[in-house]
Amino acid sequence: MPRIDAVALPDYLVDDQLRGRIAVVIDVLRATTTIVEALGHGARCVVPVASVDGARVMAHDRDGALLCGERGGVKPEGFSLGNSPLEYTGDVVGGLDCVLTTTNGTRALHLATQADEVLAGAITNVDAVCDWIRADGRDVVLVCSGTDGRVSFEDCLGAGLIVDRLGFVASDSAAMMFHAMEGAIERFGGLRYAVESSFHAKRLIELGFEDDVAFACQIGTSSVVPMFDSGVGEILAD
Ligand code: 3SL
């Protein structure tokens, strides 16, 4: 039986923890949910970039690329799109490269590249990601992105869903995420209410992004499995 491990922040990864394994990077609010939507609506690829300046240069160098992302949750000046999954419709992103920089999610993707494969996981594609991992058979490490160096409850809830569905042999931290998810769904009366109780969800709701929070809580609505090829620097739909 394969094993499943988890870290609540990418900074908690220890030497070789990812080597020979599949990493699933999770940023429920909102980077990985947005990546799933961009690819699901026909973007050719998503190019994750850690810095705003780096993203500007990258988008400039790629013909017709869209410059996308956020800082403090909002679209930086001169960007075409923010980090709302609802913006990534087919008529906007179809056939295009989306150069995306976000505060935590795109950084986490780059910090996970020691793994054999790097997938982007969200609540919306949880079933597709689990099917992919089951078919592959290697051990998995769930890498929660967190928010500004702090653990994010909603990422741990997303990780708990994956632990639950896969039923692999769980490390203590993976088991903790499973139990947190199960207990929170019971305590709050549903996954969406649990996600809405998180610090980051409240901040997004204050900024007017309540529809994004609701959107990100839909379980398994997408069949897209985003795979990050760090050699090429692109995330493509599997
Ligand atoms: O930090 C990130 O990667 C973002 O997803 C944060 S936000 O939801 O856009 O505020």
*Mind jotting down which residue pairs meet the ring-ring contact (aromatic ring centres under 6.0 Å, His included) criterion with at least one end in residues 87-143? Sequence neighbours excluded, please.*
His110-Phe228
_Under the salt bridge (Lys or Arg N to Asp or Glu O under 4.0 Å) definition, can you give me all pairs with a residue in residues 39-51, not counting sequence neighbours?_
Arg44-Asp97, Arg44-Glu234
_Pairs touching residues 156-168 that satisfy side chain to side chain donor-acceptor pair (under 3.5 Å), sequence neighbours left out_ = Asp127-Arg165
*Sequence neighbours excluded, every pair satisfying salt bridge (Lys or Arg N to Asp or Glu O under 4.0 Å) that has a member inside residues 63-91*: none
*Is there a donor-acceptor contact under 3.5 Å linking the side chains of Ser222 and Thr124?*
no
*Which residue pairs pass the side chain to side chain donor-acceptor pair (under 3.5 Å) test when at least one of the two sits in residues 185-194, sequence neighbours left out?*
Arg192-Glu196
*asked:* For residues 153-190, which residue pairs pass the ring-ring contact (aromatic ring centres under 6.0 Å, His included) check, not counting sequence neighbours?
replied: none
*For Leu96, what residues pass the side-chain contact (heavy atoms from CB on, under 4.5 Å) criterion, not counting sequence neighbours?*
Leu66
_Side-chain (Ser152) to main-chain (Glu154) donor-acceptor, under 3.5 angstrom_ = no
*Indicate yes or no: at least one non-hydrogen side-chain atom of Val169 is less than 4.5 angstrom from one of Ile4.*
no
*Report the residues that fulfil salt bridge (Lys or Arg N to Asp or Glu O under 4.0 Å) with Asp16, sequence neighbours left out, ordered by chain and then residue number.*
Arg19
_Separation between CG of Leu29 and OG1 of Thr147, rounded to the nearest 0.5 Å_ = 8.0 Å
_Nearest 0.5 angstrom please: Leu166 CG to Cys130 SG, how far?_
4.0 Å
*Which residues satisfy the side-chain hydrogen bond (donor to acceptor under 3.5 Å, both in side chains) test with Asn104, sequence neighbours excluded?*
none
*Is it the case that Ser171 and Asp5 place a side-chain donor and acceptor less than 3.5 Å from each other?*
yes
*For Asn125 and Ala120, indicate whether the former's side chain and the latter's backbone hold a donor-acceptor pair under 3.5 Å.*
yes
_Side-chain donor or acceptor of Thr32 paired with backbone N/O of Ile26 under 3.5 Å_ = no
_salt bridge (Lys or Arg N to Asp or Glu O under 4.0 Å) partners of residues 208-227, not counting sequence neighbours, each pair once_ = Arg30-Asp212
*asked:* Between Thr102 and Asn83, do the side chains contain a donor N or O and an acceptor N or O under 3.5 Å apart?
replied: no
_Residue pairs fulfilling ring-ring contact (aromatic ring centres under 6.0 Å, His included) with at least one residue in residues 52-76, sequence neighbours excluded_ = none
*For Asp229, what residues pass the salt bridge (Lys or Arg N to Asp or Glu O under 4.0 Å) criterion, not counting sequence neighbours?*
none
